[in-house]
Amino acid sequence: MTQRAVPGLDARATSPKAPPSSAIRGSTTIVELLRMFPGGEAAKLMSRLQLPCAHCSGAFHEPLTMAAKRHRRDPRAVIEAFRAL
């Protein structure tokens with residue numbers, strides 16, 4: 001599939017362009033993380049951390065800290081794990 005935009009959706013990280021920044025912050029959305037690592041590294045880390053966020057419709061809007069809290073993970077530890085990629 002070559003289409004990277006989501007038709008009809010106006011949200012962060014839905015542009016076909018790469019994310020504007022490579023800095024991973026607590027406000028970075030799940031979709032932004034997945035797009036920063038097109039080789040699947042972020043998805044594999046989510047799987048290892050038992051975060052099903054890559055398959056959730058909230059991935060377009062939910063920041064990383066919210067996802068960590070929702071799945072009972074320490075937000076700082078999760079952010080540091082993604083920064084280590």
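FYI, side chains are in, hydrogens and waters are out, and symmetry mates aren't considered; it's all heavy atoms of this structure. Given the structure is predicted, the values throughout are model-derived calculations rather than measurements.
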Euclidean distance, [Y] [atom2] relative to [X] [atom1], rounded to 0.5 Å:
X: T65; Y: I79; atom1: OG1; atom2: CD1; value: 6.0 Å
X: L85; Y: E80; atom1: CG; atom2: CD; value: 11.5 Å
X: R83; Y: R76; atom1: CZ; atom2: CZ; value: 10.0 Å
X: L33; Y: L45; atom1: CG; atom2: CG; value: 9.0 Å

Run the numbers on I30 and L64 for side-chain contact (heavy atoms from CB on, under 4.5 Å), then give the verdict. CA-CA 6 Å; I30 301 301; L64 186 55; 4.1 Å; yes

Taking all non-hydrogen atoms of both residues into account, name the closest pair between [X] and [Y] and its distance.
X: G26; Y: P63; answer: O-CB, 3.3 Å
X: A67; Y: L51; answer: O-CD2, 4.3 Å
X: K69; Y: P75; answer: CG-CG, 3.7 Å
X: F82; Y: A42; answer: CE2-O, 3.8 Å

F60 reachable from M66 in the ILVMFWY side-chain graph, under 4.5 Å edges: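 Cluster IDs for M66 and F60 differ.
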
Is there side-chain contact between T28 and M36, with heavy atoms separated by less than 4.5 Å?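 Yes, at least one pair of side-chain atoms sits under 4.5 Å.
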
Does any part of the side chain of M46, heavy atoms only, come nearer than 4.5 Å to the side chain of L34, both counted from C-beta?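 When only atoms from C-beta onward are counted, M46 and L34 do touch, with a gap below 4.5 Å.
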
For the pair R73 (side chain) and L49 (backbone), establish whether a donor and an acceptor sit closer than 3.5 Å, ignoring hydrogens and angles.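 Yes, the answer is positive, given that a donor and an acceptor are paired below the 3.5 Å cut-off.
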
Could you tell me whether K44 and E41 have a side-chain N and a carboxylate O separated by less than 4.0 Å?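 Salt bridge flag = no for E41 with K44.
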
